[in-house]
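First the structure, in the form of structure tokens, and then the observations on it.
Model, not experiment: these values are computed from the prediction. Position 1 is the first residue of the sequence; numbering continues from there.
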Amino acid sequence: MALKNNKNLKLYYSIKEVAEMFKVKESSLRYWEKKFPIISPKKAGGNIRQYREEDIENIRLIYHLVKEKGMTLDGAKQRLKQNKETVRDNADIVERLKRIREELVAMKKELDYIT
């Protein structure tokens, strides 16, 4: 979920938008916010959450550990506390590999079409 490359980057994202980015329920994001102090969206009038790029990056790391690596929330919390940089690097590598895989699958489809 590399937002840095997005030229249409917004300053704040709603909980609905963030939930859609990661294909998780809004209630999961609220729960993760309670468990992980590194997620601290700004709260506007009416207690409306406004997630910044930093919050989304932290959610991406938590998502990677919990949903992709199958860790418990407590395990993910501990891992982030031990070495957040390594978690970020690993998540970046996984994301790049997924994009490469998508490109290779698209190339294979093109080759299959040609032959």
Given side chains that start at C-beta, do those of [X] and [Y] come closer than 4.5 Å, heavy atoms only?
X     : Y     : answer
Lys67 : Lys23 : no
Glu54 : Ser40 : no
Phe36 : Ile62 : yes
Glu57 : Arg88 : yes
Lys25 : Tyr31 : no

Pairing of Lys109 and Asp112 as salt bridge, 4.0 angstrom limit: no
salt_bridge(Glu26, Arg49) N-O dist < 4.0 Å: no
Taking all atoms of both residues into account, what is the closest heavy-atom pair of [X] and [Y], and its distance?
X     : Y     : answer
Val66 : Ala76 : CG2-CB, 3.9 Å
Leu29 : Ala19 : CD1-N, 3.5 Å
Thr72 : Gly75 : OG1-N, 2.9 Å
Glu33 : Ile39 : CG-O, 3.7 Å

Can you tell me how far the [atom1] atom of [X] sits from the [atom2] atom of [Y], to the nearest 0.5 Å?
X     : Y     : atom1 : atom2 : value
His64 : Asp92 : NE2   : CG    : 9.0 Å
Leu80 : Gln78 : CG    : CD    : 9.5 Å
Ser28 : Lys35 : OG    : NZ    : 13.0 Å
Glu68 : Asn90 : CD    : CG    : 11.0 Å
Leu11 : Lys42 : CG    : NZ    : 8.0 Å
Arg30 : Ile15 : CZ    : CD1   : 4.5 Å

Whether Asn58 side chain and Asp55 backbone form a donor-acceptor pair below 3.5 Å: no
Transitive ILVMFWY side-chain link Ile100 to Met107, under 4.5 Å: yes
Worked verdict on Lys77 versus Asp74 for salt bridge (Lys or Arg N to Asp or Glu O under 4.0 Å): CA-CA 5 Å; Lys77 189 174 185 177; Asp74 288 334; 5.9 Å; no
Full working for salt bridge (Lys or Arg N to Asp or Glu O under 4.0 Å) between Arg99 and Glu95: CA-CA 6 Å; Arg99 284 196 306 265; Glu95 189 173 314; 3.1 Å; yes
Passing option when Phe22 is tested against Trp32, Tyr63, Tyr13 for ring pair (Phe, Tyr, Trp, His ring centres under 6.0 Å): Tyr63
